[in-house]
Every structure is written in structure tokens, then in C-alpha cells.
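In what follows, chains are A, B, ... by sequence order, proteins preceding strands, each numbered from 1.
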There are 2 protein chains.
Amino acid sequence: MEGKIAAMTQLDLVDDTPQVPPRLGRKRDHTRDPEILDAALEVLAETGYDGMTIDMVAARAKAGKGTLYRRWASKGELVIDAIACMKKNDIDYSRLPDTGTLRGDLIAMIKPHSIEEAEKKLQIMAGLMSMLSRAPELAEAANAAIVEPRASVNRILMRRAVARGEISADCDIETLSLISPSMAAYRVLILRKPVDRKFLISLIDGVLLPAVGLHGQAAHSAE
Amino acid sequence: MEGKIAAMTQLDLVDDTPQVPPRLGRKRDHTRDPEILDAALEVLAETGYDGMTIDMVAARAKAGKGTLYRRWASKGELVIDAIACMKKNDIDYSRLPDTGTLRGDLIAMIKPHSIEEAEKKLQIMAGLMSMLSRAPELAEAANAAIVEPRASVNRILMRRAVARGEISADCDIETLSLISPSMAAYRVLILRKPVDRKFLISLIDGVLLPAVGLHGQAAHSAE
DNA sequence: TATATACGATACTATGTAGTTCCGGATCTT
DNA sequence: AAGATCCGGAACTACATAGTATCGTATATA
């Protein structure tokens, strides 16, 4: 302690020790972060925020409770961090489908993997739902990681369709881009029914495309 | 104790006391039930299932905790009962609007009171969300009281429109009747934005009517 | 190899809440 | 009016969990 102060007073003469002395022993690597954050997301999806305990997360990650609290100050901060880190596994906006038609693009977005991931995200959202109004930071993180990306893709695909002249520029893209996120969320969270490829296609052909002035491939064969 | 057994052994001889003796004093009226159930719904909407405590409900209803436990065996049963009792303040299906057009009927359903009530129901739903998968009884009650009535009205109005020949019988009424419940729920619970008359009308004109092959009064003036 | 540090495990403290019990007073029935 | 019962209130028990402290071990640096 005194040594450090003395070294600072005689300014850097022969003093080759850095201002912040080099750590000895093991680095503060926090190498368990990814496993812990993943475990937190799993438990969150299964039991919700209130049902989730720190012990569950620690056990799931085969980590000690101390390790969690050394890294995050509280349960709340761990959860916010876990949510925020989901964004990293997000959509690659530079590789969106480009089939030439809105319908083709929308259907190309339906992949088993994306359905599965969307469902897990919705389960997590369900577990946070009752907290959102009381924890604005959490609501912010959840919006950025779960809600916004889904709508964003739809907006991009629809704007492209407008640019191609495929659909009218009068379309309320803000609203229409939320049709399938809304109805899929309602179906999973409230109706508790599965969202599968067939359902998503029926949404595209039966709701979204008619709303933009196009027609799906099924039904409404008139005109 | 022994006296009762003795009386039973010598079978009913001079025994003029009825099998179920008439109650003296105050009846078991449970007259506080409505206030308690209302208080439970309020707290539920404000804090969610896990945040809700029995003390909060008792205090809100100016009731004693004992009164609650004398009537309901547990917090869970109180909540289920409170949800179930919402159905009583429900829509009067015999007085649905009948304006002659689907659009007219749908818009006639939009009343400040109904918007307000729907929003409260959604807040309650948000508070229950994470419990639904673990408590099937609760999910059942919530579905019957909150989810089903909204969709039901839309189904009835749309079936009438089919019967009038206003819209095609090919319409997927099951899905289309969920458009506005889904998108309103998403907007309130996930986007945390208000649902007002303007939004609901834009849903009718911009999504629902086009999907059934009609057109709203705004935009898409083509044809 | 020696040392400092992070780690998993476990025991511990503090706190909040479900559910119980009891009491004095209010209220209904006879 | 008398008696039985319900009510609001408050104290109490039992338990779960957030967060802290400690210990022996593993591991990366030097």
C-alpha cells in the first residue's frame, strides 16, 4: 500500500512497474459467462422470472452461486444481461431471402430452426411479461432482443416489395409487419397451440397478402 | 364427544334433534366475496400472480386474512375463482350490434368502456402468463373468461356476414376472428402501447376486411 | 515450481410471504 | 334480549430464496 504510493510520488524514474500492477495468478477471465447466461435463459423460459431461482441457474450451469454473484450484482442484472446477449444469435440481415416476390420471401423465412427459436423466445417473453411494466430496463432489453428483430425482417421484406412496385406504397407497413408476430405470439402464449409451417403460411396467404392487395395461392381464387 | 357416540349407539329413540341441527346465530353468508374477488383482480392486474400477496388482497378489500382462508383453501384457488367470476360481467350475446354490414357491426363493438375493460383483462392475462403452462386449471379459467369471449363475438358477426352473403363462406373464420384480439394483445402487452379507437378501426379496414375480400373505407380505393 | 486468483460447493443470514390461530366486536336468528 | 356465528385485525409459524461468507481445489501466470 505505502509502496505503491511512494512509487507514485517519485514519478516514473526507474519504476518499470505499470500504474496498474500486472495481475499474478489466474486472470479474471469470467470464462463461465456463456454457460451461465444460457442456463439463465433456459430456466427463464421454463419457470418465468419469479419462478427462477439463482440456485436453479447455478445448478444448471454446474457453477457455484458465488461465481454468479461475483459477476452480476443481482438476479435482475443477470436476467437483463442474459436477455441482452440473445441478440448476438440474431438474424443476419445481409442474408435475407430475395426470391423476387413478397410471398416467396416471407415463405423462405419459415424454417424449422427459426420456428423453434421463435417459440423459445416467446416462452422467455411470457416469463418476463408481468415484470415489464415495473422494470423499464428489462422491457427495453426484451424489446431489442425478442420483439424488434421479428418485426424488422418483415418491414424490410415489405419495403422491398414496395420498391419493386409489387405492393402499394400506401400500405401501413408498421402495422402489417406485426401481423405474424402478433398472431404467432397469441397462438403460442395465450391459446397454447403450436405454431407450425402450415399456420404461418395460412397467415401469409389468408391475412397478410390480402391486406397488401395481393392474393395468396389458396382460396379467394376469384379475379 | 362420548355423549354423541352414546346417542348414536342407542339409535334414535327419544332423540328429537334433527340430523343436521338448524343453525343458530348468523348464517354462513360469505357476503364479502364480491369485494374480495374484485380486490384480487385489481391486485392481479397491477402486480401479477407472483407479486400478488394475500395481505394485499385482504387490505384492498378491507378484509381479514382469516376471512379469505375461511372461503378459499389457497391463493391459487382464490385466483382461479376470481378469474372465473369475471365471466359474469361478460358480453350480452343477445344484444350484439346488427347494422347490416360486417364493418358496421365490428365498429359498433368499439366502445370506450369495452376498450377499457379489454385492457384490464389483458393486464390480468399478463400477470398469469408465466403460470399458464404449470397450472392447467388456471389456463382453462383464463381462456374461458378472457380469451374466448373476445373471439366469440367476432366469430358470430362474421358468420352472420357469411349468412347474408356479404363475405365468402371459404373464409377461415377461426383465424380471422383472432386478428384483432391478437394484435391488440400484442400491442398492449409486448409493445406497451395503448389500444385506441383509431388503432382498432385501422385493423378492421386495413387487415380484417381485406382478408375477407371486402375493403375498408380508407386507402385501397382501387376497384 | 510457486503464487495468486477464480472456481464449485456448502453453510449461513436476512427477509418476505403462505397459511394458521386467536380475540374482541358486530350482526343475524330465534 | 340472548346466543351463535362471522368478521377484521394482528400475532405467529413454517418455509423458500436472495444474497454473503468460507473452504478446499484447479489453473493460469511467472
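Considering only side-chain N and O atoms, A/Tyr69 lies under 4.0 angstrom from the phosphate OP1 or OP2 of D/dG19.
A donor and an acceptor atom, one from each side chain of B/Asp92 and B/Ser94, are located under 3.5 Å apart.
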Enumerate all atom pairs, one protein N or O and one N or O from nucleotides 8-10 of chain C, separated by less than 3.5 Å.
residue	atom	partner	partner atom	Å
C/dG8	OP1	A/Arg32	NH1	2.0
C/dG8	OP1	A/Lys62	O	3.3
C/dG8	OP2	A/Gly64	N	3.3
C/dG8	OP2	A/Thr67	OG1	2.7

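A straight line from NZ of B/Lys75 to P of C/dT20 spans 15 Å, rounded to a whole angstrom. The CD1-P distance, from B/Ile54 to D/dC12, rounds to 21 Å in whole Å. Rounded to an integer number of Å, the gap from CD of B/Glu35 to C1' of D/dC7 is 12 Å. Separating the CZ atom of A/Arg71 from the P atom of D/dG19 is a distance of 16 Å, rounded to the nearest angstrom. What separates CG of B/Asp50 from P of D/dA16 is a distance of 16 Å, to the nearest Å. A straight line from CG of A/Asp33 to P of C/dC7 spans 8 Å, rounded to a whole angstrom.
A/Trp72 has its side chain within reach of A/Leu37: a pair of non-hydrogen atoms, C-beta onward, lies under 4.5 Å apart.
Note on A/Met52: only backbone sugar-phosphate atoms sit closer than 4.0 angstrom, heavy atoms only; bases stay farther off.
A cation-pi arrangement is present between B/Lys75 and B/Tyr49 under the rule of less than 6.0 angstrom and at most 45 degrees off the ring axis.
The shortest heavy-atom contact between A/Ser130 and B/Gly127 is CB-CA, 3.9 Å.
Checking side-chain atoms of B/Ser114 against main-chain N and O of B/Met109 turns up a donor-acceptor pair under 3.5 Å.
Ionic pairing of A/Glu117 and A/Lys120 is not present here: no N-O contact between side-chain nitrogen and carboxylate oxygen is shorter than 4.0 angstrom.
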